[in-house]
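Notes to accompany the following structure.
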There are 2 protein chains.
Amino acid sequence: MTVETSADMPVNPLILKLEAFHALSEADKELLTRLSTTSRTVGPREDLIREGDPPERVYLILEGFACRYKILPDGSRHIMAYMVPGDLCDLHVFILKTMDHSIGTLSACEVVDLPRAQVMEMIERPAIARALWWSGLVDGATLREWLVNIGARSAEERVAHLLCELLVRLRLVGLATEDRYELPITQNELGDTMGLSTVHVNRVLQRLRAEGLIIFKSQKLVILKVAELMAFSGFNPNYLHLESRRTLYAARG
Amino acid sequence: MTVETSADMPVNPLILKLEAFHALSEADKELLTRLSTTSRTVGPREDLIREGDPPERVYLILEGFACRYKILPDGSRHIMAYMVPGDLCDLHVFILKTMDHSIGTLSACEVVDLPRAQVMEMIERPAIARALWWSGLVDGATLREWLVNIGARSAEERVAHLLCELLVRLRLVGLATEDRYELPITQNELGDTMGLSTVHVNRVLQRLRAEGLIIFKSQKLVILKVAELMAFSGFNPNYLHLESRRTLYAARG
DNA sequence: CGTAAAATTGATCTGTCTCAACGTGGGTGG
DNA sequence: CCACCCACGTTGAGACAGATCAATTTTACG
């Protein structure tokens with residue numbers, strides 16, 4: 001158990017994200033900062049909670065990538081969502097008896113465990129409650145967009161779409177610049193996310209590289225032509241519901 | 001605008017569904033009955049709300065099948081969810097400026113429009129609020145299961161899985177018997193749901209028929225071997241979170 | 001440096017798509 | 001009430017995206 005100080009963690013990604021929806025008061029920010037003070041370091045490929053477990057707390061990711069996933073009867077894994085810094089898992093999950101999926105880390109993560117009482121404390125603040133409510137709706141919309149992505153787009157478009165989405169989401173928490181970010185994900189994990197074989201993910205990435213759209217090496221992604229990649233993949237950020245609050249995605253066209 | 005009487009509508013599917021989670025008081029049921037008194041008939045293939053529109057009300061389906069869908073840049077449609085009697089669209093959607101997808105009918109429907117004030121009225125009742133909260137979590141879990149379905153299963157398993165899910169969901173509202181229900185959906189719509197071409201859906205259905213698993217003709221589905229179809233498709237109803245509340249799905253094995 | 005995980009390559013196979021035609025059944029107007 | 005008609009379902013042939021299997025190379029790291 002690590003107790004992080006403000007020196008270790010200059011900016012709280014949850015605050016950054018929620019303020020993309022609307023501004024929070026100093027008191028609200030202090031509460032969120034206090035609740036995320038006690039985090040723990042979790043290694044890569046570790047489960048935070050497993051399918052079948054009773055949901056007892058909510059997880060907040062401060063650093064690293066985690067995911068929601070299911071294991072199918074044949075042993076294959078499907079990843080249904082990425083959780084990046086600032087992301088909370090479902091706040092309302094306490095009402096359910098058991099988890100219907102697992103949550104695990106992809107890279108090493110800094111994770112905050114929020115027991116029910118602390119979630120309540122957050123929700124009692126109207127501005128925070130509203131921002132979390134927005135955040136939950138965006139999570140749902142993202143899931144729907146993923147469904148369309150897998151159901152209706154080619155392998156190349158699918159991967160490109162994911163890279164565009166992560167660019168926008170990571171910019172929100174200061175973890176992406178205009179055109180690049182750290183993506184601590186293997187090609188195998190990408191495959192389990194997109195419903196593609198690892199071999200095919202590799203070929204798709206090579207094609208995106210050959211087309212001069214991206215550079216992806218040593219977990220570092222550079223999108224060489226952001227507008228082109230968005231257009232190619234049919235990426236329309238409307239489902240992230242950032243409205244006109246900030247200029248978080250590059251101009252298109 | 002039709003005003004339905006209790007004679008026209010013997011049982012309110014929303015009440016049936018919510019009571020699968022936990023019992024409601026008479027007063028709660030009266031409120032729900034009152035709020036669903038004024039419904040309107042909507043023809044097949046009509047939109048209730050379109051992508052880009054501001055969400056002004058919530059829809060409750062009393063009869064018929066509706067769906068959430070998106071139209072892609074190339075003109076193709078992807079259906080992301082089915083709404084069957086008793087289903088409500090997202091209660092919290094008011095906070096968003098615009099819809100990121102459309103909602104439209106598949107068959108002719110009886111639909112209740114609930115303006116914000118009426119949603120508030122429901123949510124003020126603790127038992128109803130809890131049941132609706134559960135219902136919203138189940139909707140999210142269903143979306144995740146659909147993602148896995150499309151991402152990780154073969155065409156035949158996919159279609160079979162959907163048929164199993166609808167069996168359980170429709171039983172909940174008294175619209176399926178042990179092994180059969182009305183499915184007012186074309187093969188083309190099934191294809192847009194499963195990410196398959198219409199031609200392939202046709203061949204998949206033929207194979208399921210040939211294997212003696214189903215009969216599907218004139219919008220009437222009979223599942224000849226329920227346990228086998230569930231096993232074949234990898235259907236595990238845990239994501240519907242019916243727990244031990246009622247025996248809503250057949251014993252397996 | 002050695003080792004295991006991850007990325008890459010090549011060859012082959014197959015599920016699903018596309019295109020194009022034909023059958024069919026239920027609703028409607030004459 | 002019949003005949004037409006159109007949406008829907010069905011069939012066949014050929015093409016292709018992506019899977020699978022089996023190495024091999026590269027990278028990260030202890």
Side-chain angles (χ1 to χ4, degrees), chain A residues 43-46 65 72 74-79 105-108 149-162 182-211 214-221 232-233, chain B residues 43-46 65 72 74-79 105-108 149-162 182-211 214-221 232-233:
Chain A
R45 277 142 251 244
E46 281 183 33
F65 274 49
L72 302 200
D74 69 355
S76 68
R77 170 182 63 172
H78 195 92
I79 295 176
T105 58
L106 293 165
S107 67
N149 201 30
I150 289 200
R153 287 194 258 257
S154 73
E156 223 165 314
E157 291 168 332
R158 257 183 243 186
V159 173
H161 192 279
L162 177 68
E182 289 264 329
L183 183 58
I185 299 277
T186 67
Q187 294 182 3
N188 176 40
E189 288 157 348
L190 261 176
D192 287 350
T193 309
M194 309 306 264
L196 298 171
S197 69
T198 309
V199 170
H200 202 64
V201 167
N202 183 280
R203 293 188 170 129
V204 161
L205 288 173
Q206 285 181 55
R207 246 175 284 156
L208 292 176
R209 279 190 280 242
E211 287 159 20
I214 65 167
I215 297 172
F216 184 32
K217 197 160 171 50
S218 315
Q219 325 256 63
K220 281 165 189 51
L221 177 78
F232 167 71
S233 64
Chain B
R45 278 140 248 246
E46 281 184 30
F65 274 47
L72 301 200
D74 69 355
S76 68
R77 170 182 63 173
H78 195 92
I79 295 176
T105 58
L106 292 165
S107 67
N149 202 30
I150 289 200
R153 287 194 258 258
S154 72
E156 224 166 314
E157 292 168 331
R158 253 183 248 187
V159 173
H161 192 280
L162 178 68
E182 289 264 330
L183 183 58
I185 298 278
T186 66
Q187 294 183 1
N188 175 40
E189 287 158 349
L190 261 177
D192 286 351
T193 308
M194 310 306 266
L196 298 171
S197 68
T198 308
V199 170
H200 202 63
V201 167
N202 183 281
R203 297 201 232 257
V204 162
L205 288 173
Q206 285 181 55
R207 248 176 282 156
L208 292 176
R209 279 190 281 241
E211 287 158 20
I214 65 166
I215 297 171
F216 183 33
K217 196 161 172 54
S218 314
Q219 324 255 66
K220 280 166 190 50
L221 177 78
F232 166 71
S233 64

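All values below come from the heavy atoms of this structure, side chains included, with hydrogens, waters and symmetry mates left out. Letters go in sequence order (proteins before strands), and every chain restarts at 1.
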Result for side chain to side chain contact (heavy atoms under 4.5 Å, CB included) between B:Val159 and one of B:Ile214, B:Thr193, B:Leu196 points to B:Leu196
Have a look at B:Thr198 and say if it touches a base, only the backbone sugar-phosphate, or nothing, with a 4.0 Å heavy-atom cut-off.
-> nothing
Could you work out which one of D:dT11, C:dT16, C:dG10 sits closest to the side chain of A:Arg203?
-> C:dG10
Report which part of the nucleic acid A:Leu196 touches: base, sugar-phosphate, or nothing (heavy-atom distance under 4.0 Å, all strands).
-> sugar-phosphate
Would you please say whether a donor-acceptor pair under 3.5 Å links the side chains of B:Ser76 and B:Asp74?
-> yes
A:Arg45 side chain N/O closer than 4.0 Å to the phosphate oxygens (OP1, OP2) of C:dA6?
-> yes
Can you tell me the distance, in whole Å, between the NE2 atom of A:His200 and the P atom of C:dG15?
-> 17 Å
Is any side-chain heavy atom of B:Met194 less than 4.5 Å from a side-chain heavy atom of B:Asn149?
-> yes
Gap between atoms CG and C1', on B:Leu208 and D:dT10 respectively (whole Å) = 16 Å
Could you give the CG-to-P distance, from B:Asn202 to C:dC17, as a whole number of Å?
-> 12 Å
If you look at every strand shown and take non-hydrogen atoms under 4.0 Å, does B:Gly195 touch a base, only sugar-phosphate, or nothing?
-> sugar-phosphate
How close or far is atom C1' of C:dA5 from atom CG of A:Leu106, stated in whole angstroms?
-> 16 Å
Does a nitrogen or oxygen in the side chain of A:Thr186 sit under 4.0 Å from OP1 or OP2 of C:dA5?
-> no
Send over the distance from B:Ile150 CD1 to D:dG18 C1', rounded to a whole Å.
-> 17 Å
Can you find a pair of side-chain heavy atoms, one from A:Ile150 and one from A:His78, that are under 4.5 Å apart?
-> yes
Rounded off to whole Å, could you give me the CG-to-P distance for the B:Leu205 and D:dT11 pair?
-> 12 Å
What does B:Lys217 touch in the nucleic acid at a heavy-atom separation under 4.0 angstrom: a base, only the sugar-phosphate, or nothing?
-> nothing
Considering only D:dA28, D:dG12, C:dC17, which nucleotide approaches the side chain of B:Ser197 most closely?
-> C:dC17
Can you tell me if the side-chain N/O atoms of B:Gln206 get under 4.0 Å from OP1 or OP2 in D:dT11?
-> yes
Can you check whether B:Gln187's main-chain N or O pairs, donor with acceptor, with B:Thr198's side chain at less than 3.5 Å?
-> no
Which part of the nucleic acid, if any, lies within contact of A:Arg209, taking any heavy atom under 4.0 Å across all strands shown: a base, the sugar-phosphate backbone alone, or nothing?
-> sugar-phosphate
Value in whole Å for how far the C1' atom of C:dC17 lies from CZ of A:Arg153 = 19 Å
B:Gln187 atom CD is separated from D:dG9 atom C1', nearest whole Å, by 6 Å
Between B:Val204 and B:Val199, who's closer to the 5' end of DNA chain C by nearest nucleotide?
-> B:Val204
